[in-house]
S.K.: 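Let me give you the structure first, and then I'll get to my questions.
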Amino acid sequence: MKKLPFNDQFYCEHLVLTRETNIEIDNFVVCKHPEGKGLMDYLQQKAVRDENDGVMRTYFVRDQKTGELVAYFSLRASSIKLEVMYGNSQGMYPCIELAYFAMNDAYIDKHPYSKGSGLIIFHEIILPLVKEISKTVGTKGIIGYAINSPKLLEHYIKDYGFARLPHENEEELHQVYRPVNDQECVFIYMDIN
């Protein structure tokens, strides 16, 4: 099996359901932001099913020293019509969707120094994995649907490096492509090639 990204703080592993991981999933907490409840619900209720159905891949990010569950993220293949994204181009924008990404508040409460590690996980674990995948399947970027909060959107754009579409394109895309469980979210994307 191909080695997954890691750094000196964290390592990444593919979700495999065991008695121990089932307990960890049940104890995963996203409570700091009430709108994040859907992230916790997905992990606890649907991630294993989607994994088994082959429609999503979920990964755990663990602490290198303790093995504790720090975060999880889920990826799936996607594509969007270029004319919806840019208005005047034709063809497709092949991409990887970062469908879910959540920090475990239980871990952060226990290790307060880890606050802000989501940015490290994104840049040193998720992005390298997406870039590696793009070498195999050919993708132009990474997309997601962010919680519609000005502060969070600014964080994703300024610190993570995502972008938003022009307002007209964003509205059209939301009408055509927005997943059912992301109704209040905003489309964001990042070119990786």
Side-chain angles (χ1 to χ4, degrees), residues 1-18 21 24-25 28 38-39 42-43 46-64 67 69-86 89-104 117-147 152-153 155-157 159-165 173 176-182 185-193:
M1 182 171 139
K2 188 180 283 191
K3 190 165 188 141
L4 293 170
F6 66 95
N7 64 20
D8 59 345
Q9 289 179 280
F10 309 114
Y11 68 96
C12 178
E13 66 182 16
H14 184 239
L15 169 64
V16 175
L17 190 61
T18 65
T21 57
E24 288 178 310
I25 288 170
F28 194 94
L39 295 164
Y42 176 77
L43 179 62
K46 298 177 183 173
V48 172
R49 183 198 66 214
D50 285 353
E51 187 73 39
N52 291 336
D53 290 347
V55 297
M56 188 95 68
R57 293 293 176 239
T58 295
Y59 298 88
F60 283 169
V61 177
R62 295 188 177 279
D63 184 294
Q64 281 279 21
L69 182 56
V70 177
Y72 90 91
F73 63 94
S74 298
L75 303 174
R76 66 179 158 206
S78 190
S79 64
I80 296 175
K81 289 183 177 181
L82 287 173
E83 55 264 35
V84 174
M85 283 189 69
Y86 302 119
S89 301
Q90 292 194 352
M92 298 302 284
Y93 181 86
C95 49
I96 300 295
E97 181 181 349
L98 177 59
Y100 298 94
F101 177 31
M103 299 300 295
N104 186 355
S117 56
L119 194 57
I120 294 167
I121 290 168
F122 178 77
H123 284 290
E124 295 184 20
I125 305 268
I126 297 172
L127 209 47
L129 180 60
V130 167
K131 288 179 178 181
E132 188 63 33
I133 291 167
S134 85
K135 291 177 187 175
T136 305
V137 297
T139 60
K140 296 287 292 172
I142 181 171
I143 66 165
Y145 292 86
I147 294 171
L152 282 173
L153 284 169
H155 181 55
Y156 294 138
I157 292 165
D159 300 325
Y160 282 72
F162 282 98
R164 287 181 71 176
L165 294 175
L173 187 135
V176 177
Y177 287 101
R178 184 185 285 165
V180 171
N181 56 340
D182 291 333
C185 294
V186 175
F187 177 81
I188 55 176
Y189 74 100
M190 177 190 301
D191 292 330
I192 59 171
N193 292 332

S.K.: How long is the span from the CG atom in Asn7 to the CD1 atom in Ile125, to the nearest 0.5 Å?
M.R.: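 Asn7 atom CG to Ile125 atom CD1 measures 5.0 Å (nearest 0.5 Å).
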S.K.: Set out, in order, the CA-CA distance, both residues' side-chain angles and the distance that settles side chain to side chain contact (heavy atoms under 4.5 Å, CB included) for Val55 and Arg76, then state yes or no.
M.R.: CA-CA 7 Å; Val55 297; Arg76 66 179 158 206; over 6 Å; no
S.K.: Tell me if a side-chain donor or acceptor on Ser78 pairs with a main-chain N or O of Cys95 at a distance below 3.5 Å.
M.R.: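 No; judged by distance alone, with no hydrogens or angles, the pair does not exist.
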S.K.: How far does CD of Glu97 sit from CD1 of Ile142, to the nearest 0.5 angstrom?
M.R.: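 It comes to 9.5 Å.
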S.K.: If only atom types and distance count, is the side chain of Arg57 paired as donor or acceptor with the main-chain N or O of Glu51 below 3.5 Å?
M.R.: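 Yes.
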S.K.: Taking the six-membered ring for Trp, are Phe162 and Phe122 closer than 6.0 Å centroid to centroid?
M.R.: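 When the ring centroids of Phe162 and Phe122 are compared, they turn out to be within the sub-6.0 Å range.
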S.K.: With a 4.5 Å limit on heavy-atom distance, are the side chains of Met103 and Val70 in contact?
M.R.: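 Answer yes - side chains close enough.
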S.K.: To the closest 0.5 Å, what do you measure between CD (Gln64) and CD (Gln9)?
M.R.: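 So the CD of Gln64 and the CD of Gln9 are separated by 9.5 Å.
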S.K.: So, the side chain of Ser117 versus the backbone of Ile120: is there a donor-acceptor pair under 3.5 Å, distance only?
M.R.: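 The answer is no, because no donor-acceptor pair under 3.5 Å joins these two groups.
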S.K.: So which heavy atom on Tyr93 is nearest to which on Gly141, and how close?
M.R.: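 For Tyr93 versus Gly141, the nearest heavy atoms are OH-CA, 3.4 Å.
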S.K.: Measure the CG-CD distance between Leu129 and Glu132 for me, rounded to the nearest 0.5 Å.
M.R.: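 Answer for the CG-CD pair, Leu129 versus Glu132, is 8.0 Å.
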S.K.: With ring centroids as reference points, do Phe60 and Tyr72 lie under 6.0 angstrom apart?
M.R.: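 Centroid distance Phe60-Tyr72: not below 6.0 Å, so no.
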S.K.: Could you give the distance from CZ (Arg62) to CZ (Phe10), rounded to the nearest 0.5 Å?
M.R.: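 Answer for the CZ-CZ pair, Arg62 versus Phe10, is 13.0 Å.
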S.K.: Over 60° means perpendicular and under 30° means parallel, so tell me whether Phe73 and Tyr59 are parallel, tilted or perpendicular.
M.R.: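 The arrangement is parallel - the two ring planes meet at less than 30°.
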S.K.: Kindly indicate whether the side chain of Ile192, heavy atoms from C-beta on, has any atom under 4.5 Å from the side chain of Ile96.
M.R.: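 Contact flag for Ile192/Ile96 side chains = no.
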S.K.: Do Asp50 and Tyr42 come close enough that some side-chain heavy atom pair is under 4.5 Å?
M.R.: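 Yes, at least one pair of side-chain atoms sits under 4.5 Å.
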S.K.: Asn52 and Leu17: side chain to side chain contact (heavy atoms under 4.5 Å, CB included), yes or no, with the steps?
M.R.: CA-CA 10 Å; Asn52 291 336; Leu17 190 61; over 6 Å; no
S.K.: With respect to Met190, which candidate in Leu127, Leu98, Val130 satisfies the side chain to side chain contact (heavy atoms under 4.5 Å, CB included) definition?
M.R.: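 Only one of Leu127, Leu98, Val130 forms a side chain to side chain contact (heavy atoms under 4.5 Å, CB included) with Met190, namely Leu127.
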S.K.: Please report the closest heavy-atom contact between Phe101 and Gly118, naming both atoms and the distance.
M.R.: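 So the two residues come closest at CZ-O, 3.5 Å.
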S.K.: Relative to each other, are the rings of Phe187 and Tyr189 parallel, tilted or perpendicular (30° and 60° limits)?
M.R.: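 Phe187 vs Tyr189 ring planes: parallel.
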S.K.: The test is side chain to side chain contact (heavy atoms under 4.5 Å, CB included); show your working for Leu153 and Ile188 and say whether it passes.
M.R.: CA-CA 9 Å; Leu153 284 169; Ile188 55 176; 4.2 Å; yes
S.K.: With side chain to side chain contact (heavy atoms under 4.5 Å, CB included) as the criterion, how do Met92 and Ile80 come out once you've worked through the C-alpha distance, each side chain's angles and the decisive distance to 0.1 Å?
M.R.: CA-CA 6 Å; Met92 298 302 284; Ile80 296 175; 5.9 Å; no
S.K.: Check whether any side-chain N or O of Asn104 sits under 3.5 Å from a backbone N or O of Leu69 as a donor-acceptor pair, and report yes or no.
M.R.: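 A pair under 3.5 Å: yes.
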S.K.: Could you measure the distance from the CG atom of Asp191 to the OG1 atom of Thr139? Nearest 0.5 Å is fine.
M.R.: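 So the gap between those two atoms works out to 10.5 Å.
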S.K.: What I'd like to find out is whether the side chain of Val16 reaches to under 4.5 Å of the side chain of Thr21, using heavy atoms alone.
M.R.: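 Not touching, per the 4.5 Å side-chain cut-off.
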